[in-house]
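Quick notes on the structure that follows.
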Amino acid sequence: LHWKTPYSGWVKCSYDGTFVWDRSSKVGWIIRNDRGSFLAAGQAQGKQTSCSLESEGHALLFSMKYCRNKGYTNVCFKGDNKEIVDILNGHKLNFAAYNWIRRECNKLADVFPKHMIPNNALYFSYDFIPLVITNDVHSNFSPYLI
């Protein structure tokens, strides 16, 4: 699967979070416009979570706050946890943590939670394309496109 552009005038924010049983969650996101151009990205360290669903929820919350603070009003959020989407859309009431969406659509955002946040900060945002994703952002055929 490849990254699909949002509607004209919208931006797409792909987000992801990590879950490690005895560690703080880490989250990351990348924002691109309706032409697929990089606009911004960020990563943050959250609190310790009890499951992947909670970590993904943190990732969505951080990315939503970031988009609001940057002034983005028309935002399509894309994550790889179908349960979060189903819960938010009122399609599911069960909070058991299962990842049901293929991860290939979110590989680029998935890079951030796996890398150390610069300067050991709790939060870091990018107004430029970070080196860790530079090659993949510019590749039209990359499996990491989101």
Side-chain angles (χ1 to χ4, degrees), residues 1-20 24-47 49-118 121-146:
L1 298 173
H2 290 283
W3 185 82
K4 295 179 184 175
T5 60
Y7 293 116
S8 179
W10 285 66
V11 299
K12 184 179 263 188
C13 177
S14 297
Y15 64 90
D16 204 4
T18 61
F19 169 69
V20 178
S24 298
S25 65
K26 292 183 182 177
V27 301
W29 59 91
I30 181 170
I31 303 167
R32 297 169 95 175
N33 65 19
D34 55 7
R35 294 176 310 282
S37 298
F38 175 90
L39 295 176
Q43 60 189 122
Q45 182 171 326
K47 67 179 185 104
T49 56
S50 60
C51 63
S52 62
L53 179 65
E54 189 177 2
S55 295
E56 292 289 325
H58 281 192
L60 177 57
L61 184 60
F62 269 100
S63 63
M64 291 173 88
K65 287 180 178 181
Y66 180 82
C67 287
R68 182 192 64 208
N69 290 339
K70 288 293 250 182
Y72 298 120
T73 55
N74 296 325
V75 183
C76 172
F77 291 92
K78 177 69 174 163
D80 61 7
N81 188 293
K82 186 177 184 319
E83 188 164 9
I84 291 281
V85 174
D86 288 346
I87 290 168
L88 292 175
N89 288 321
H91 300 275
K92 185 171 178 73
L93 297 176
N94 183 345
F95 288 93
Y98 296 104
N99 285 320
W100 293 332
I101 292 180
R102 291 176 49 165
R103 298 182 61 82
E104 288 82 9
C105 293
N106 208 39
K107 293 270 185 181
L108 204 53
D110 186 53
V111 170
F112 290 112
K114 295 176 181 165
H115 282 78
M116 181 189 282
I117 299 173
L122 295 178
Y123 176 90
F124 196 85
S125 66
Y126 303 88
D127 292 321
F128 57 89
I129 300 173
L131 289 176
V132 69
I133 62 168
T134 299
N135 291 335
D136 293 318
V137 166
H138 294 297
S139 171
N140 290 331
F141 303 102
S142 170
Y144 295 104
L145 290 177
I146 48 177

Return the [atom1] to [atom2] distance between [X] and [Y], rounded to the nearest 0.5 Å.
X: Ser8; Y: Asn74; atom1: OG; atom2: CG; result: 10.0 Å
X: Cys13; Y: Arg32; atom1: SG; atom2: CZ; result: 12.0 Å
X: Lys70; Y: Ile31; atom1: NZ; atom2: CD1; result: 8.0 Å
X: Ile84; Y: Glu56; atom1: CD1; atom2: CD; result: 6.5 Å

Can you find a pair of side-chain heavy atoms, one from Phe77 and one from Met64, that are under 4.5 Å apart?
yes

Are Ser55 and Thr18 side-chain neighbours, meaning at least one heavy-atom pair lies under 4.5 Å?
no

If we check side chain to side chain contact (heavy atoms under 4.5 Å, CB included) with His58, which of these qualifies: Ser25, Ser63, Ser24?
Ser25

List the atom of [X], the atom of [Y], and the distance in Å for their closest heavy-atom pair.
X: Arg35; Y: Asn33; result: N-OD1, 2.9 Å
X: Phe38; Y: Tyr126; result: CZ-O, 4.2 Å
X: Tyr66; Y: Ser125; result: CE1-CB, 3.4 Å
X: Cys76; Y: Trp10; result: N-CE3, 3.9 Å
X: Asp127; Y: Ala40; result: OD1-CB, 4.4 Å
X: Pro6; Y: Val11; result: CG-C, 3.9 Å

Tyr72 and Leu39: CA distance, side-chain angles, deciding distance, side-chain contact (heavy atoms from CB on, under 4.5 Å) verdict
CA-CA 11 Å; Tyr72 298 120; Leu39 295 176; 3.6 Å; yes

Checking the side chain of Lys12 only, and the main-chain atoms of Lys4 only, is there a donor and an acceptor separated by less than 3.5 Å?
yes

Main-chain N/O of Leu53 paired to Asn81 side chain as donor or acceptor, under 3.5 Å:
no

Would the number of heavy atoms belonging to other residues, nucleotides or ligands and lying under 6.0 Å from OH of Tyr7 be above 12?
no

Asp16/Lys78 salt bridge by N-O under 4.0 Å criterion:
no

